[in-house]
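Below: one structure, written as structure tokens.
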There are 2 protein chains.
Amino acid sequence: MAVDREQFKQLLKDKGLKVTTQRLLVLEALAACPDRHLAAEEIYEMVKADYPEIGLATVYRTIQILLELHLIDRINLDDGFVRYEIGNVGMGTAKHHHHHLICMNCGKVNSFEDDLLEELEEKITRTTGFHVIDHEVKLYGYCAECGGKID
Amino acid sequence: MAVDREQFKQLLKDKGLKVTTQRLLVLEALAACPDRHLAAEEIYEMVKADYPEIGLATVYRTIQILLELHLIDRINLDDGFVRYEIGNVGMGTAKHHHHHLICMNCGKVNSFEDDLLEELEEKITRTTGFHVIDHEVKLYGYCAECGGKID
DNA sequence: ATGTCTGCAAAGTTTTTGCAGTAAT
DNA sequence: ATTACTGCAAAAACTTTGCAGACAT
């Protein structure tokens, strides 16, 4: 569902950017883990397995490009790292975001697909004039496994 | 609506912590700006106006205490600072969170009160077993002033 | 009196930047 | 042949920590 290799190459060329092994590998690392939320350091470690000479700075620079191309999303799970995950649309038309369920006990992060926020967004536009483009929702609580132990 | 000075003093004592001028001033700075979202450095600057000898480290340490006492909330507006705002309940029973509307043009952050997420939380509990305790919602878009210029 | 708290400076983390060499077009 | 890109190391930026003196109880 995410961008494929050829689309990415074309996007780079369209922007006058060069297609490099490092850039392909960084995108691939993110595409390989659609459900994890990778920090720059983790991406770096993953790419290093295939391409040991890559530098962490290149990973950070590539992440900037991927963000500008809207191929990945930034999320902050308040653990001291900024994290990234591959977007689930190719061309940026749809926005079908998911929410993050963060377990306050075990720290595990699950995703939840939902469109319920459309209603909220409409209400906001109606009452405040603010035009919503995108959103990020984090829900803190206890996951199914941890929930039993607490309640 | 936020905690008052005496409640705070009592909370500190109950925890075996000492009541100091610095701690009172940090809380007061946050209480004085319920609608801004203060970074540690900003709190530091505000307190320094009244009490120039305070150190930034003390501000950080006090923030930790206030978070543990649930007197303030942490928010991350992706601008490189962790920000804090005073909670809008005294004793932590109710949770009446607001959402943050972040203008992608001028960067201004407005708040929006709403309980629409109760429905989403219930849906999540029903379908996933995850028990939601709290949430943080960030909505990105264009504020009323900037909206006209873009659309 | 005692135990905590403070300010300062140093250290720790994550992320960014400068530069000379390397690779892509 | 250009022009952009990379890796390294240094710098930057935010936050935490160690310590000796100061303050609250």
Side-chain angles (χ1 to χ4, degrees), chain A residues 5-6 8-30 37-69 72 74-84, chain B residues 5-6 8-30 37-69 72 74-84:
Chain A
R5 209 189 174 79
E6 294 310 315
F8 178 45
K9 287 185 183 177
Q10 195 53 52
L11 286 169
L12 287 174
K13 285 174 186 160
D14 292 349
K15 273 225 160 188
L17 301 171
K18 289 178 175 168
V19 176
T20 66
T21 310
Q22 291 91 332
R23 287 174 180 173
L24 292 172
L25 288 174
V26 168
L27 181 66
E28 232 149 70
L30 282 152
H37 310 87
L38 299 172
E41 186 80 33
E42 292 171 336
I43 298 169
Y44 174 56
E45 293 300 334
M46 287 180 68
V47 175
K48 256 207 312 202
D50 285 347
Y51 194 92
E53 57 270 54
I54 196 169
L56 182 54
T58 300
V59 173
Y60 276 106
R61 285 184 284 229
T62 304
I63 286 169
Q64 289 313 316
I65 294 171
L66 295 174
L67 283 171
E68 281 159 28
L69 294 174
I72 60 174
R74 178 203 310 239
I75 48 179
N76 196 309
L77 301 177
D78 302 311
D79 61 351
F81 303 87
V82 179
R83 294 174 173 277
Y84 307 91
Chain B
R5 209 190 174 79
E6 294 311 315
F8 178 45
K9 287 187 184 176
Q10 195 54 51
L11 285 170
L12 287 174
K13 285 176 187 161
D14 292 349
K15 273 222 160 193
L17 301 170
K18 288 182 176 166
V19 176
T20 66
T21 310
Q22 291 92 330
R23 287 174 179 174
L24 292 172
L25 288 174
V26 168
L27 181 66
E28 232 148 71
L30 283 152
H37 310 87
L38 300 172
E41 187 80 34
E42 292 171 335
I43 297 170
Y44 174 57
E45 293 300 333
M46 287 180 67
V47 174
K48 256 207 311 203
D50 285 347
Y51 195 92
E53 58 269 54
I54 196 170
L56 183 52
T58 300
V59 173
Y60 276 106
R61 285 186 282 230
T62 304
I63 286 169
Q64 289 312 319
I65 294 171
L66 294 173
L67 283 171
E68 281 160 27
L69 293 174
I72 62 176
R74 177 202 311 237
I75 48 181
N76 195 311
L77 302 176
D78 303 310
D79 62 350
F81 302 86
V82 179
R83 294 175 172 277
Y84 306 91

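Keep in mind the model is a prediction, meaning the values are calculated, not measured. Reckoned from all heavy atoms, side chains included, excluding hydrogens, waters and symmetry mates. So you know, we letter chains A, B, ... as the sequences are listed, proteins then strands, and number each from 1.
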Exercise. So what does A/Y51 touch, heavy atoms closer than 4.0 Å: a base, only the sugar-phosphate, or nothing?
Worked result: sugar-phosphate

Exercise. If you look at every strand shown and take non-hydrogen atoms under 4.0 Å, does A/E53 touch a base, only sugar-phosphate, or nothing?
Worked result: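 The residue A/E53 makes sugar-phosphate contact but no base contact.
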
Would one find a side-chain N or O of [X] under 4.0 angstrom from OP1 or OP2 of [N]?
{"X": "B/R61", "N": "D/dT16", "result": "no"}
{"X": "B/T20", "N": "C/dC5", "result": "no"}
{"X": "A/R23", "N": "D/dT6", "result": "yes"}
{"X": "B/Y60", "N": "D/dT15", "result": "yes"}
{"X": "B/Q22", "N": "D/dC23", "result": "no"}

What is the separation between atom [atom1] on [X] and atom [atom2] on [N], rounded to the nearest whole Å?
{"X": "B/L17", "N": "C/dT2", "atom1": "CG", "atom2": "P", "answer": "21 Å"}
{"X": "B/D14", "N": "D/dT25", "atom1": "CG", "atom2": "P", "answer": "13 Å"}
{"X": "B/D79", "N": "C/dT15", "atom1": "CG", "atom2": "P", "answer": "14 Å"}
{"X": "B/F81", "N": "D/dC14", "atom1": "CZ", "atom2": "C1'", "answer": "8 Å"}
{"X": "A/L24", "N": "D/dC5", "atom1": "CG", "atom2": "P", "answer": "13 Å"}
{"X": "B/I63", "N": "D/dT17", "atom1": "CD1", "atom2": "P", "answer": "14 Å"}
{"X": "B/Q64", "N": "C/dT6", "atom1": "CD", "atom2": "C1'", "answer": "16 Å"}
{"X": "A/Y84", "N": "C/dT15", "atom1": "OH", "atom2": "C1'", "answer": "9 Å"}

Problem set entry | Audit row: B/D14, B/Q10, side chain to side chain contact (heavy atoms under 4.5 Å, CB included) steps and yes/no | CA-CA 6 Å; B/D14 292 349; B/Q10 195 54 51; 2.9 Å; yes

Exercise. Can you list the steps and then say if A/V19 with A/K13 is a side chain to side chain contact (heavy atoms under 4.5 Å, CB included)?
Worked result: CA-CA 7 Å; A/V19 176; A/K13 285 174 186 160; 4.2 Å; yes

Problem set entry | Stepwise side chain to side chain contact (heavy atoms under 4.5 Å, CB included) test for B/I75 and B/Y84 | CA-CA 6 Å; B/I75 48 181; B/Y84 306 91; over 6 Å; no

Exercise. Are A/R5 and A/E28 ion-paired here, with the side-chain N under 4.0 Å from a carboxylate O?
Worked result: yes

Problem set entry | Base of D/dT25 paired with side chain of B/K13 (donor-acceptor, under 3.5 Å) |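 No, the side chain and the base share no sub-3.5 Å donor-acceptor pair.
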
For this session: Evaluate side chain to side chain contact (heavy atoms under 4.5 Å, CB included) for B/H37 paired with B/L77, printing each intermediate quantity in order.
Result: CA-CA 9 Å; B/H37 310 87; B/L77 302 176; 4.2 Å; yes

Seminar exercise, completed: The answer to which of A/V59 and B/K18 contacts DNA chain D further toward the 5' end, by nearest nucleotide, is A/V59

